[in-house]
Amino acid sequence: MTCTICPRTCGVEREKGHLGFCAMGQNPVVARAAPHYWEEPCISGERGSGCVFFSGCNLRCVFCQNYEISAQGRGQEVTVPHLRDIFRRLEAQGVHNLNLVTGAHFTPAIAEALNPSPPLPVVWNSAGYETVQTLRTLEGKVQVYLPDMKYSDAALARQLSAAPDYPAVASAAIQEMFRQTGPYELDKDGMLVRGVMIRHLVLPGYLNNTFGVLDWIRETFRPGDVLVSLMGQYTPNHRGGPDRPLTPEEYARAVDYMTALGLLEGYTQELDSAEEAYTPAFDGTGV
C-alpha cells in the first residue's frame with residue numbers, strides 16, 4: 001500500500017522497504033522505553049511517565065534535541081507484539097501513563113499494539129503535524145494528546161522545519177484531538193487523565209511567531225478546554241536555526257503575553273531546562 005499516513009503523503013510502499021520523508025519502514029523503530037521524569041508535572045508525577053521514543057520523523061526541525069533518533073534513525077525495529085510487550089513492561093514499573101513520543105508515522109502499528117486497551121492513560125506526544133484522517137484511527141485508544149503547536153508563521157515553518165503548511169495542518173490536527181477528548185481532566189492527584197495540552201517552544205528572535213500561536217489558542221479554545229505549556233528550552237546547535245539561547249527577557253515577554261490573553265491554565269518553564277542533560281540517552285533501554 002502507498003503511504004498516506006502523514007501530511008507528506010509520500011506515496012511510497014514502506015512495507016516493501018521503500019523510504020519516504022520519515023525514512024522509516026513499516027515496523028516501528030524504538031530508541032528507548034523507560035520512566036521519564038522531565039515532562040510537565042501532570043504527566044510525569046512522582047512515578048514517571050512511561051515514555052516510548054520512536055525513531056524517524058515527518059519534520060526536519062533544524063533545532064531538534066532528539067536529532068540522533070529523529071533524523072539519524074537510531075533505534076531497534078520492533079514488531080507489533082514486541083511493542084505491546086514494551087507497553088506491558090512499562091506498566092509493570094508503575095508509571096502513571098504510556099507516553100508515545102513522536103510515533104505519528106507509525107500510527108497503524110501503534111494503534112494495533114494498543115489492542116487490548118492498556119489500563120493506563122495513553123499519551124500521544126507529537127509534533128502536531130498529522131492528518132485528521134489518521135488521528136481518527138486513534139479515537140478511543142488515546143486519552144491524552146500532547147501536541148506541539150510550533151508555528152503560526154508559514155515562512156518560518158518552511159525555513160526551520162521544511163513544512164510551510166504546518167500552521168494549517170497542526171491547527172486542524174489539534175482541533176481533532178480536542179474533539180476526541182473534550183476538555184481536560186485531572187485526577188485527585190493532579191495527573192492529566194484526559195484532554196489536550198498544547199506545547200509551544202519559544203524560539204529566540206521570533207516572538208511574533210509565539211504571539212501568533214498564543215493568539216490562535218485563545219481564539220480557538222475556551223477557558224477550561226486545554227492546557228498550555230510554554231517552553232523556553234531552546235538549545236542552539238550546529239545544524240541551523242537561531243544560534244543563541246532564548247533570553248530571560250524574551251521568555252518573560254512571551255509569558256506576559258500568554259497571561260494577558262487569559263491563558264492561565266498550564267505551565268511555564270525555568271530557563272535552566274535548556275540543557276542537554278534533560279535529553280535522555282537513546283541507548284535502547286527498555287527495548
Side-chain angles (χ1 to χ4, degrees), residues 7 39-45 49 96-104 107 114 117 120-154 157 165-202 207-233 251 253-269:
E39 305 282 32
E40 290 82 358
C42 68
I43 299 292
S44 287
S49 180
H96 290 284
N97 46 58
L98 292 178
N99 190 340
L100 311 180
V101 185
T102 320
T107 299
L114 289 172
S117 297
L120 302 177
V122 174
V123 179
W124 189 256
N125 187 335
S126 79
Y129 192 62
E130 303 170 74
T131 70
V132 169
Q133 180 179 1
T134 297
L135 284 169
R136 286 180 177 163
T137 68
L138 296 172
E139 187 162 7
K141 301 176 186 295
V142 169
Q143 289 72 49
V144 175
Y145 282 101
L146 188 56
D148 292 339
M149 183 62 176
K150 297 177 184 291
Y151 304 106
S152 59
D153 182 334
D165 59 345
Y166 181 95
V169 168
S171 172
I174 293 171
Q175 290 180 77
E176 168 61 20
M177 295 172 185
F178 179 76
R179 184 196 67 78
Q180 292 184 22
T181 68
Y184 74 88
E185 299 175 17
L186 303 175
D187 68 11
K188 61 182 178 59
D189 298 316
M191 300 301 297
L192 184 60
V193 294
R194 189 171 185 84
V196 177
M197 177 157 58
I198 302 170
R199 285 173 164 172
H200 174 72
L201 176 65
V202 184
L207 279 180
N208 285 339
N209 177 65
T210 292
F211 297 159
V213 167
L214 295 173
D215 285 339
W216 174 81
I217 296 172
R218 178 65 182 86
E219 293 163 2
T220 306
F221 300 104
R222 299 170 299 180
D225 278 353
V226 300
L227 294 168
V228 180
S229 181
L230 189 68
M231 302 185 298
Q233 65 191 42
Y251 190 64
R253 286 183 62 194
V255 171
D256 287 347
Y257 194 85
M258 182 171 73
T259 302
L261 289 176
L263 299 174
L264 307 178
E265 297 163 281
Y267 299 91
T268 56
Q269 193 172 42

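Only this structure's heavy atoms are used, side chains among them; waters, hydrogens and symmetry mates stay out. Along the sequence shown, the residues carry numbers beginning at 1.
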4.5 Å side-chain heavy-atom contact, [X] and [Y]:
X    : Y    : result
V144 : N97  : no
Y129 : D165 : yes
Y251 : L230 : yes
T220 : S171 : no
D153 : N208 : no
C42  : L227 : yes
W216 : I198 : yes

Once you round to the nearest 0.5 Å, how far does [atom1] of [X] lie from [atom2] of [Y]?
X    : Y    : atom1 : atom2 : answer
L135 : E130 : CG    : CD    : 4.5 Å
L146 : W124 : CG    : CH2   : 12.0 Å
L214 : E219 : CG    : CD    : 11.0 Å
Y151 : H200 : OH    : NE2   : 9.5 Å

Go through the structure and list residues passing side chain to side chain contact (heavy atoms under 4.5 Å, CB included) with V132, not counting sequence neighbours.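 V132 satisfies side chain to side chain contact (heavy atoms under 4.5 Å, CB included) with R136, A172, E176 only.
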For E185, all residues meeting side chain to side chain contact (heavy atoms under 4.5 Å, CB included), sequence neighbours excluded: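 Side chain to side chain contact (heavy atoms under 4.5 Å, CB included) check on E185 returns V193, R194.
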Name the orientation class of the two ring planes belonging to F211 and Y257 (parallel below 30°, tilted from 30 to 60°, perpendicular beyond 60°).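 The arrangement is parallel - the two ring planes meet at less than 30°.
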The criterion is salt bridge (charged side-chain N to carboxylate O under 4.0 Å, His left out); which residues satisfy it with E40, sequence neighbours excluded?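 By the salt bridge (charged side-chain N to carboxylate O under 4.0 Å, His left out) rule, E40 matches R199.
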